[in-house]
Amino acid sequence: MALTATEAGTRKLSTAKAMVEGIAQEMERDPSIFVMGEDVGAYGGIFSSTTGLLERFGKDRVIDTPISETAFLGLATGAATEGMRPIVELMFVDFFGVAMDQIYNHMAKIHFESGGNVKVPLVLMTAVGGGYSDGAQHSQCLWGTFAHLPGMKVVVPSNPADAKGLMIAAIRDDNPVIYMFHKGVMGLPWMAKNPRAIGTVPEGDYQVPIGSASVVRAGKDVTIVTLSLSVHHCLDVAEELAQEGISCEVIDLRSLVPLDRRTVLESVGKTGRMVVVDEDYQSFGLSGELAAIVAETDPGMLRRPLARVAVPDVPIPYSRPLEQAVLPTHSRIAAAIRKTVA
Amino acid sequence: MALTATEAGTRKLSTAKAMVEGIAQEMERDPSIFVMGEDVGAYGGIFSSTTGLLERFGKDRVIDTPISETAFLGLATGAATEGMRPIVELMFVDFFGVAMDQIYNHMAKIHFESGGNVKVPLVLMTAVGGGYSDGAQHSQCLWGTFAHLPGMKVVVPSNPADAKGLMIAAIRDDNPVIYMFHKGVMGLPWMAKNPRAIGTVPEGDYQVPIGSASVVRAGKDVTIVTLSLSVHHCLDVAEELAQEGISCEVIDLRSLVPLDRRTVLESVGKTGRMVVVDEDYQSFGLSGELAAIVAETDPGMLRRPLARVAVPDVPIPYSRPLEQAVLPTHSRIAAAIRKTVA
Amino acid sequence: MDPKVKVELYRTMVLIRSFEETILQHYHADKSPAWDIGAGLIPGEMHLSAGQEPVAAGICANLTASDAITATHRPHHLAIAHGVRMEALAAEIFGRETGLGKGRGGHMHLFDPGTHFSCSGIIAEGLPPALGQAFAFQRRGLPNVVVAVTGEGAANQGAFHESLNLAALWKLPVVFVVEDNDWAISVPRTASTAVPSNAARAAAYGIPGERVENNDVEEVWRVAKGAIKRARSGDGPTLIEVHTVRLWGHFEGDAQAYRNDLEEAKAHDPIEVYAGLLAREGVLDTKGAAKIKEECTKEVASAIDFAKTSPLPDPAGALQYVFA
Amino acid sequence: MDPKVKVELYRTMVLIRSFEETILQHYHADKSPAWDIGAGLIPGEMHLSAGQEPVAAGICANLTASDAITATHRPHHLAIAHGVRMEALAAEIFGRETGLGKGRGGHMHLFDPGTHFSCSGIIAEGLPPALGQAFAFQRRGLPNVVVAVTGEGAANQGAFHESLNLAALWKLPVVFVVEDNDWAISVPRTASTAVPSNAARAAAYGIPGERVENNDVEEVWRVAKGAIKRARSGDGPTLIEVHTVRLWGHFEGDAQAYRNDLEEAKAHDPIEVYAGLLAREGVLDTKGAAKIKEECTKEVASAIDFAKTSPLPDPAGALQYVFA
Ligand SMILES: Cc1ncc(C[n+]2csc(CCOP(=O)(O)OP(=O)(O)O)c2C)c(N)n1
Ligand SMILES: Cc1ncc(C[n+]2csc(CCOP(=O)(O)OP(=O)(O)O)c2C)c(N)n1
Ligand SMILES: [Mg+2]
Ligand SMILES: [Mg+2]
């Protein structure tokens with residue numbers, strides 16, 4: 001069974017395989033870890049987030065559930081309070097509403113309400129994002145919703161190496177961590193693949209610290225703050241705009257809670273311009289928070305108006321031309337950057 | 001049965017009574033309106049939002065439900081799609097998580113998904129806010145959560161006259177409207193009363209337009225943007241600071257969706273300073289959105305750093321000294337304003 | 001049973017299958033060589049109902065366009081059987097401006113006010129709005145009923161319980177139908193449900209519960225008839241479970257590697273089974289069946305043609321319809 | 001039944017009532033003249049359990065501190081009967097740094113890892129975490145069980161259904177207990193629940209269901225004993241409903257104008273009823289009962305004293321404990 005495939009030192013994995021590798025290595029190490037969710041067993045996860053785990057760890061540790069998100073997410077919380085370390089999958093983040101009370105009033109709050117006496121170490125992993133015409137109930141990102149509510153860490157990897165390192169960090173964290181993976185970065189064989197969905201992944205056991213953003217491209221004219229699949233769109237646009245003499249610094253946030261304010265502020269302090277590219281809904285979300293961080297530090301930092309490239313407060317439409325019109329696509333990103341540096 | 005009490009022209013009502021009056025007048029006018037929720041009948045609503053309605057309109061139109069929020073909120077949606085106009089109560093907004101799928105994937109999206117063919121005219125009213133030691137699961141505001149997700153209007157009255165006018169506007173709106181009333185502005189006999197929780201309310205039928213903020217105090221040094229109970233704290237602080245020669249302009253947003261950008265921008269354009277006072281969690285919420293609105297219009301507008309007085313991303317603690325430390329209290333607001341104008 | 005009804009049941013099933021086969025074909029036609037779910041004339045997830053036609057045909061033969069029906073993520077069979085305009089249905093699936101939702105909804109979000117048809121992509125969460133339609137009918141003194149359909153996997157979701165209790169409590173005119181196709185994606189019924197029949201769950205709400213075995217369209221028709229009559233006369237809801245079969249994948253692209261019952265399932269294609277029965281009964285001969293097939297194929301072809309020649313939505317309108 | 005057990009059941013009930021009466025007194029003591037829910041030494045909502053002591057006493061007599069119990073917004077009786085340290089319980093209610101949750105939780109959010117006690121203010125949503133405790137016990141091969149308690153109003157919440165199905169499916173060592181006190185705030189059971197007994201709902205999960213009538217502490221004890229034994233031996237969950245009584249308001253300050261059964265309820269105070277029985281049986285005479293009362297009063301007084309003299313949390317620590 002080949003969970004990993006080594007290729008002469010620079011071994012490349014898809015994001016999905018990198019996640020699975022991180023989970024598997026941790027499960028080897030710590031018997032209190034188990035994986036639970038809908039179709040995580042024989043199917044291997046609808047988005048391949050658990051492929052091969054059942055075969056490797058058996059059905060006592062890789063557990064298919066009924067379609068009872070409230071029951072099994074709550075079960076994960078309770079098991080965590082008794083010292084286990086569950087990794088539980090919510091198949092699409094869009095389904096959060098059937099179990100949000102468990103997530104938000106229990107998983108996220110028990111540690112606080114207990115005055116620190118009860119820990120809830122678990123990973124809630126969930127697929128996010130659109131772009132393949134899955135409609136209004138299966139295409140959302142919603143990280144702004146989770147980041148607004150205190151008590152859970154929120155991580156959002158964009159590439160295979162980070163996916164593994166953030167997974168290991170999330171598993172070892174003593175807090176509940178929401179791990180949001182975009183379908184478009186998983187490297188699935190049945191979906192349009194971003195070329196960077198396959199990349200070099202260290203073999204061993206390593207963590208990407210939660211709360212630390214990554215400057216994925218250095219530049220001096222404008223700061224692009226983004227995350228998840230949009231990182232790749234932004235890198236593509238940055239490459240293109242470099243030809244026009246525009247130098248973009250691209251920040252992959254990687255975590256929303258905690259948010260790496262310093263990396264953002266340093267960059268904006270340098271470029272004086274900020275474009276936020278966010279596949280979540282625009283208002284009352286990430287772009288706002290970033291604007292506030294700048295404004296409460298030094299509003300003079302921004303020499304040009306903030307630009308936001310996000311979903312313009314509309315449910316995600318099914319039909320392709322409409323969906324493409326509301327997503328943060330290459331052309332919208334490029335236009336926003338050009339306007340900001342003009 | 002005295003739903004209203006006239007006193008020589010300037011009739012005063014509590015916010016609760018003003019809401020009920022608005023509902024009752026509309027129910028008289030339109031037989032398709034009904035009221036539904038837990039304890040809305042004989043009890044009259046835990047926060048008196050339906051007092052007297054059962055006696056007046058009978059149990060076919062004022063309906064107690066089982067504790068099945070998913071079922072009865074969804075029922076309201078379905079009844080609305082068939083042309084009725086439900087007013088449905090979620091007792092505390094903190095309980096949203098048991099029914100968020102109905103609220104957010106159905107109520108809010110059906111109109112869009114149907115290409116405008118199916119309307120969902122309903123009012124979802126819900127109590128928000130803390131300050132009386134009700135703990136982490138019964139004290140939240142969460143308006144940022146609802147404002148982030150497209151498809152529903154979000155109104156948040158702060159006083160009796162607005163409460164009635166916004167209720168009538170919400171009932172007549174052809175969209176789902178979340179109507180969030182703070183327990184502390186209702187004028188309840190069993191809770192610390194803000195003096196402005198009782199005020200003059202026009203007798204007749206009038207609307208406060210949804211999406212229009214109100215400048216409740218004009219000033220020139222600093223713009224305080226706020227809503228709900230915090231409006232009153234801000235007015236008190238503004239009064240106090242006037243003695244020190246600080247002139248505060250206080251904006252009561254009244255609606256978050258749609259958001260009255262113009263009123264905010266005009267004021268900040270004038271004062272060059274913004275303090276946001278928000279009883280919801282600080283990050284990824286209202287204060288961010290307001291910062292973004294300014295930053296995307298003209299970051300130079302702000303001559304001093306933004307100040308945010310909100311709940312600092314912590315669940316609401318039970319014990320009084322802790323709760324008071326995290327709420328936007330008089331002293332925190334005053335300190336933030338002083339610092340901003342310094 | 002009236003032979004005319006039998007033929008109608010058969011015709012409805014054939015019409016559904018013709019439609020689904022045509023969608024299947026178009027769905028896969030332009031996704032290769034590197035199969036991409038987001039590519040082609042019909043992008044996105046596609047949940048087809050082949051095998052479950054008896055549920056749709058048997059129930060909907062007892063309904064009129066004034067009655068409502070709520071379906072799941074797998075909604076086409078019910079939409080067609082209930083009389084949703086096939087052109088508008090097909091156009092929505094093709095994402096066209098002429099579709100039921102002007103291309104905004106897609107195949108899991110079909111709304112047809114004319115026939116009170118709706119569906120939802122969230123498991124069991126179509127039931128609560130169905131209660132509201134029933135409530136509106138009841139309060140207005142209308143004789144209409146609502147049929148609310150879910151899968152057997154969905155019967156373990158909280159919304160199922162809340163909806164049955166509320167409907168029973170208020171004697172709402174609803175018929176709850178569980179399509180038991182043995183699978184919830186890759187999870188077999190035995191791994192999701194603590195009881196062998198969801199009909200047993202009716203006891204938790206003091207309402208009648210019935211299970212129809214063998215994917216038997218006539219039995220569905222009979223049991224649904226009784227339940228719908230009961231609902232119409234104000235006696236409240238009934239819970240019906242139909243043991244049916246999912247002939248194809250959960251969604252298109254599902255390799256079904258987890259499944260060991262496929263051969264057996266294929267051997268129980270309900271349309272073939274019913275054709276055999278009607279032939280044996282002398283109700284419909286091969287020629288009659290062929291004629292029906294031909295008529296259905298034509299109807300479907302014209303609907304698909306309408307869809308394919310309809311305009312895609314103008315991106316300029318992407319922000320429309322958020323608010324009324 | 002062993003007379004010692006009987007006396008213990010009685011003592012537990014008296015201890016609970018003493019505690020609740022003392023809380024009641026302190027709660028109201030400093031909220032007048034203008035009664036303000038947020039004022040006084042004990043602010044906030046206060047849901048007391050007077051009348052429901054038989055449930056707590058009867059169940060917990062069968063548990064050890066290695067077993068878990070999950071309660072609702074009305075949790076004190078279960079906490080006390082399960083052996084949660086009364087000082088820390090009282091201190092939490094008074095919002096002190098020495099409380100179970102260092103004042104962060106409050107009376108609806110009590111967590112005691114030592115006795116695996118927890119509760120939640122959200123209706124029926126305490127059940128899913130209880131499954132997880134049971135899961136952990138099961139997977140580790142421990143003989144411990146979890147008792148998961150809700151009200152009869154809560155039995156109509158989706159979480160109830162999902163939890164029972166999952167527990168039955170996986171044979172988790174859980175005992176579900178429904179406290180039927182006839183009311184969910186102002187909504188009577190008949191207006192919320194489609195069946196007369198929640199025990200009937202066990203059929204929906206293929207597990208045993210039992211209803212205990214008359215708030216009978218000994219019958220609770222007997223039925224719970226059987227169910228706990230069953231859970232411990234790996235035979236899975238049981239659903240028990242106890243018909244009990246809410247002697248006081250839903251929360252303090254509730255005028256109960258909606259209620260017409262108050263006189264009758266008062267006449268059925270289970271502690272008086274049981275005292276009468278034990279006297280008739282010769283198990284406990286008036287003197288013995290008085291002694292128990294006195295001991296309990298003392299224990300409570302000392303716990304309350306501890307709470308009142310403990311420090312309030314330092315506001316400087318308000319941001320602590322969000323993350324571990
Ligand atoms: C609340 C929720 N959880 C999970 C899903 C993902 N999902 C879509 S269909 C499905 C299986 C449904 O099984 P069943 O109810 O038996 O219907 P079937 O697909 O067999 O028709 C799942 C798990 C969803 N749409 N909604
Ligand atoms: C999901 C949810 N809905 C509503 C409430 C408000 N609420 C608190 S207690 C209660 C009544 C509970 O009734 P029951 O379950 O019978 O318990 P009892 O109070 O009688 O002990 C309600 C409606 C809540 N806490 N959570
Ligand atoms: Mg199924
Ligand atoms: Mg009760």
Side-chain angles (χ1 to χ4, degrees), chain A residues 37-46 54 59 63-72 74 91-92 94-99 101-102 130-139 183-184 188-193 281 311-327 329, chain C residues 31 34-40 42-45 73 92-97 99 101-109 120-125 151 153-159 184-188 191-194 250-251 253-254 257-259 312-322:
Chain A
E38 291 155 13
D39 305 285
V40 298
Y43 199 105
I46 295 299
L54 175 66
K59 67 183 178 36
I63 305 163
D64 276 335
T65 63
I67 313 172
S68 305
E69 285 85 355
T70 289
F72 75 75
M91 191 190 287
F92 288 69
D94 312 69
F95 310 156
F96 81 106
V98 301
D101 188 74
Q102 279 305 318
Y132 62 102
S133 289
D134 215 1
Q137 294 178 338
H138 289 75
S139 304
K183 302 151 201 170
L188 302 172
W190 47 277
M191 206 176 264
K193 269 162 291 297
Y281 301 116
V311 176
D313 301 332
V314 56
I316 313 287
Y318 163 66
S319 187
R320 191 181 294 119
L322 299 173
E323 187 184 23
Q324 292 301 315
V326 307
L327 289 177
T329 45
Chain C
K31 289 201 171 47
W35 202 87
D36 172 3
I37 190 175
I42 307 178
E45 281 185 72
H73 57 285
E92 187 62 25
I93 295 171
F94 279 82
R96 306 299 163 127
E97 187 68 29
K102 307 193 179 118
R104 272 73 181 170
H107 113 105
M108 288 188 276
H109 312 113
S120 166
I122 309 294
I123 288 305
E125 295 280 342
N156 301 308
Q157 179 69 225
I185 312 186
S186 72
V187 179
S192 73
T193 311
H250 170 73
F251 34 39
D254 173 8
Y258 52 84
R259 212 167 152 182
L312 283 164
D314 181 348
L319 305 190
Q320 263 181 301
Y321 307 122
V322 180

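First the proteins, then the strands, lettered A, B, ... as listed; each starts at 1.
Side-chain atoms of Ile122(C) and Phe95(A), non-hydrogen and from C-beta on, do get closer than 4.5 Å to each other. Between Gln157(C) and Glu69(A), the closest side-chain pair of non-hydrogen atoms falls below 4.5 Å. The side-chain heavy atoms of Val322(C) and Pro315(A), taken from C-beta on, include a pair separated by under 4.5 Å. Between Leu312(C) and Ser319(A), the closest side-chain pair of non-hydrogen atoms falls below 4.5 Å. A heavy-atom distance below 4.5 Å is not found between the side chains of Val187(C) and Glu38(A). Residues Leu319(C) and Pro312(A) are in side-chain contact: their nearest non-hydrogen atoms beyond the backbone lie under 4.5 Å apart.
With chain A as partner, the option from Ala154(C), Gly99(C), Gly158(C), Ser120(C) having the largest number of non-hydrogen pairs under 4.5 angstrom is Ser120(C). Contacts with chain A were tallied for Ala159(C), Gly103(C), Gly105(C); Gly103(C) has the most, counting heavy-atom pairs under 4.5 Å. Residue with the most contacts toward chain C among Val326(A), Val98(A), Asp64(A): Val98(A) (heavy-atom pairs, distance under 4.5 Å).
With a 4.5 Å cut-off on non-hydrogen atoms, Glu125(C) touches chain A through its side chain but not through its backbone. The contact between Ile46(A) and chain C is made entirely by side chain atoms (from C-beta outward), counting heavy-atom distances below 4.5 Å. Interface residue Ile123(C): only side-chain heavy atoms are found under 4.5 Å from chain A. Heavy atoms closer than 4.5 Å to chain A are found nowhere in Ala257(C), neither backbone nor side chain. Neither the backbone nor the side chain of Ser139(A) has a heavy atom closer than 4.5 Å to any heavy atom of chain C. In this structure, no portion of Thr70(A) lies under 4.5 Å from any heavy atom of chain C. Residue Thr193(C): no heavy atom, backbone or side chain, is found under 4.5 Å from chain A.
Summarising the geometry of Arg320(A) relative to Gly38(C), their closest heavy-atom pair is NH2-O, 2.9 Å, with the distance given to 0.1 Å. Annotation for Leu322(A) and Pro315(C): closest pair CD2-CA, 4.1 Å, computed over non-hydrogen atoms.
For the atom pair CD1 (Ile93(C)) and OH (Tyr318(A)), the distance works out to 7.5 Å, reported to the nearest 0.5 Å. If you take CG on Asn156(C) and CD1 on Ile67(A), they are separated by 7.5 Å, rounding to the nearest 0.5 Å.
Judged purely by distance below 3.5 Å, without hydrogens or angles, the side chains of Ser186(C) and Asp39(A) pair a donor atom with an acceptor atom.
Under the side chain to side chain contact (heavy atoms under 4.5 Å, CB included) criterion, Glu45(C) pairs with Phe92(A), Asp134(A), His138(A), Ile37(C), His47(C), Met108(C), Phe251(C), not counting sequence neighbours. Looking at residues two or more places apart in sequence or on another chain, you find a ring-ring contact (aromatic ring centres under 6.0 Å, His included) between Phe96(A) and Phe146(A).
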